[in-house]
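Accompanying notes for the structure given below.
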There are 2 protein chains.
Amino acid sequence: MKKTDTEQIRAANRVDIINALRVFGPVARVDIGRITKLSPATVTAITSELAGEGVIEEVNAPTPSTGRGRPRVLIDLNPNHACVLGIKLSINEIRLMLGDLKGNILAESVVTAKTQAHDQASLNEMLVSQAQRFMADYPEQAQRLVSLGIAIQGFVDVHAGDVVWSPALNMRHVNLTRALEEAFNCPVELANDANCIAYAIHKQPDYADCRDFAVIMIGYGVGGGLIVGGELYSGHFGAAAEFGHTKFSHEGPQCACGKRGCIEAYVADYALYRDASAVMDLPATDRRHPSEKQMGRLTQLAVDGDAAASRLFHQAGKALGFGIANILALLSPQKVVVTGPGVRAFEQMQAGIVEGIDDSLIPELIGRADIDPYPWSLDMTGKGIIALALKHFR
Amino acid sequence: MKKTDTEQIRAANRVDIINALRVFGPVARVDIGRITKLSPATVTAITSELAGEGVIEEVNAPTPSTGRGRPRVLIDLNPNHACVLGIKLSINEIRLMLGDLKGNILAESVVTAKTQAHDQASLNEMLVSQAQRFMADYPEQAQRLVSLGIAIQGFVDVHAGDVVWSPALNMRHVNLTRALEEAFNCPVELANDANCIAYAIHKQPDYADCRDFAVIMIGYGVGGGLIVGGELYSGHFGAAAEFGHTKFSHEGPQCACGKRGCIEAYVADYALYRDASAVMDLPATDRRHPSEKQMGRLTQLAVDGDAAASRLFHQAGKALGFGIANILALLSPQKVVVTGPGVRAFEQMQAGIVEGIDDSLIPELIGRADIDPYPWSLDMTGKGIIALALKHFR
DNA sequence: CCACTAAATTTACGTCTCAAACTAAATAGA
DNA sequence: TCTATTTAGTTTGAGACGTAAATTTAGTGG
């Protein structure tokens, strides 16, 4: 509380109601009361305040009309009341996404750019000009822009807004938020891409009451995200959940980070393809980036019962399970969610995962934690960075 | 917020003030205002409320008397206003501790008992009767008893009050809180012993503004505790921070938990002594429990430059550093604190720890995290469980 | 002995939520 | 058709809270 206190209560209750609406779509005021545990009087007070500001609207949709009594009038966020700009920065690609108040992606634009051929100043210049160019196409939304979000692979310090290291850049310790903050005069949120995905999953209605879980993203690399106490956890130095660089072994194969034995070096696409190439005949590939098609073929081999491929995924599963066991021991989470392009092979790894966990932990420590796959879709990072940026909408 | 709201504000501000007093000893009301960011008016209101209840007292100590102006009157918690009973359950030993409102241990009693020769009913019976016998010696305090706390080695579910597994008991999934709650008609807190120590350290004034750190306790076993966002984190299943059973290797020496390659199996007293016995001539010992004296001698060997002993501690340090690296990657904490009887050899392990971390993580991920030793004292578990029990004093 | 200073208290005010009373808008059944 | 019933939502009045500003208290310094 503190400070002018009681006004802070109102502010907190406002965001509670806004969040309830964001998660549970259009609902009646009664339900908001039930969800937020606020009295009907308070719900009325706050919702009419919000309606006055244009944040929410009554939605005259097909009324459900159950039973008797006064029919409930549904209200929902007015998606157009505010918007945010999400930027996903990857190697040689900048993806710009316009998000509305409900977290939907309204528009998208992909720009090819040599992300690695910049110094700090020119990189920020490019980001600002690309962002301005993109927003110029949506002049109405530009006026209602609340905040920006940037998602990037690699290690970030979210508190400082610095990219500590990223495969997308050829330099270290680059601040990416200040220039955009000045150019757009609004807050800019920086986040690791896997953290974005964790946050996006956390915002799914079916995860609404799951307050402590870990997300593992398998793709070109292996990333992670932690939801702790219902919030995305970024740690004191803002770089939490770098699951891919926890270790399976103190020796072991080379990881992209430069060290050896990282979980990533066993489970990421590049690692699987590298290990597969050693034991079977596969088309050559850019070592760092086997294509989705190539990875799909490799997975299909295992599905079809190829022994070497099956063994490969089983091994990767074991390494993954070993890493998950460390998460279970350290954090005792409700569940561990596995997603990313790499879930395509979840079933092929599952037995290995279970074996890896069982080998590492006694049943008492594994407890009732679930290891769940989560279907991958390309826009999850975008959804997540937009949701993170929307935090700034009070 | 929620509910009867504004009363909850008051409650929150009350505990803020109580906590400020608990941490910063006797202070003037002005300082409380500065610490809690409450207005002087509010501080006056709440402190006089608390004084009326006897929770706090004006302390007429040697006034600091700086400069002019009305002299500040120091207030402090009245340590005798309430008390808690802390119970530490270890193998064949029950330690009972009476704690006052300031978290001091007022009295202590150690009972020898065959903790492993019980079923759930008789164990709880014994705990209740021992606790009642102990409190009978302090009839005045017994009337002001607020809550109980139980600390135990092993895996616990703090939410359910269950001991899932413990070396001190010969059964699994034992509830230890219900019987005591009924007998004393007050809340009972169960906690893992290493978590207690983490909480005790967190409550030290010099850790007051350290809100995200990990504690590693090295002793007969290796335990852990996590302070996340300024709170002791116990995870969804209430068993977080079992650092000792995160892994150094998927093969490796046998751990007390039954699995192989746990950090504990390299760093705990029993592991060090076992490994040392293989390469040098040491007096035989109960394999599970080398004595403090024996461990001291082993450490002294390394201090004196014995090559084999030095190598041993260096190796243990490497395993520890490897495990710490996983914590750094996953949680990005401000610091990692190493304590427990095993800190006696911290200096001998330090180079190994640093090596283990450097081998595992690129400098960007290690960041500015400190690895600090914390001097061990026997009553830290007690301090911690008492502090945890005191949470129930609103 | 009085001006000055800093700590603590009192007062006046605005904000908040909630319970309870009330209004609104529908249905079910006589 | 009409009335009792039911559920949703609003209004009102009371109680609690914290703050700013004014005031009191209790010292120091010259």
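Quick caveat: nothing in here was measured; it's all calculated off a predicted structure. Values reported hereafter were calculated over all heavy atoms of this structure, with side chains retained and with hydrogens, waters and symmetry mates removed.
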OP1 or OP2 of [N] sitting under 4.0 Å from any side-chain N/O of [X]?
X     : N      : value
B:T42 : D:dT19 : yes
A:R29 : D:dT10 : yes
A:S39 : C:dA19 : no
B:R72 : C:dA7  : yes
A:N13 : C:dC16 : no

Residues, nucleotides or ligands: over 12 heavy atoms within 6.0 Å of A:R211 CZ: no

Touch class at under 4.0 angstrom, heavy-atom based, for B:V73 against every strand present: sugar-phosphate

Using a heavy-atom cut-off of under 4.0 Å over every strand shown, decide if A:A45 touches base, sugar-phosphate, or nothing.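 Nothing, no heavy atom under 4.0 Å.
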
Length of the line joining [X]:[atom1] and [N]:[atom2], which is rounded to integer Å:
X     : N      : atom1 : atom2 : result
B:I32 : D:dG18 : CD1   : C1'   : 16 Å
A:Q8  : D:dG18 : CD    : C1'   : 11 Å
B:K37 : D:dC17 : NZ    : C1'   : 20 Å

Under the 3.5 angstrom rule, does the side chain of [X] hit a backbone N or O of [Y] as a donor-acceptor pair?
X      : Y      : answer
B:R22  : B:L101 : yes
A:H236 : B:K335 : no
A:N175 : A:A160 : yes

Between C:dA26 and A:R70, counting only base atoms on the nucleotide and side-chain atoms on the residue, is there a donor-acceptor pair under 3.5 Å?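 Side chain to base: no pair present.
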
Measure from the side chain of B:V30, starting at C-beta and using heavy atoms only, and say which of D:dT5, C:dA20, C:dA7 lies closest. C:dA7

Which one, C:dT17, D:dT19, C:dA19, comes nearest to the side chain of A:A41?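 Out of C:dT17, D:dT19, C:dA19, the nucleotide with an atom closest to A:A41's side chain is C:dA19.
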
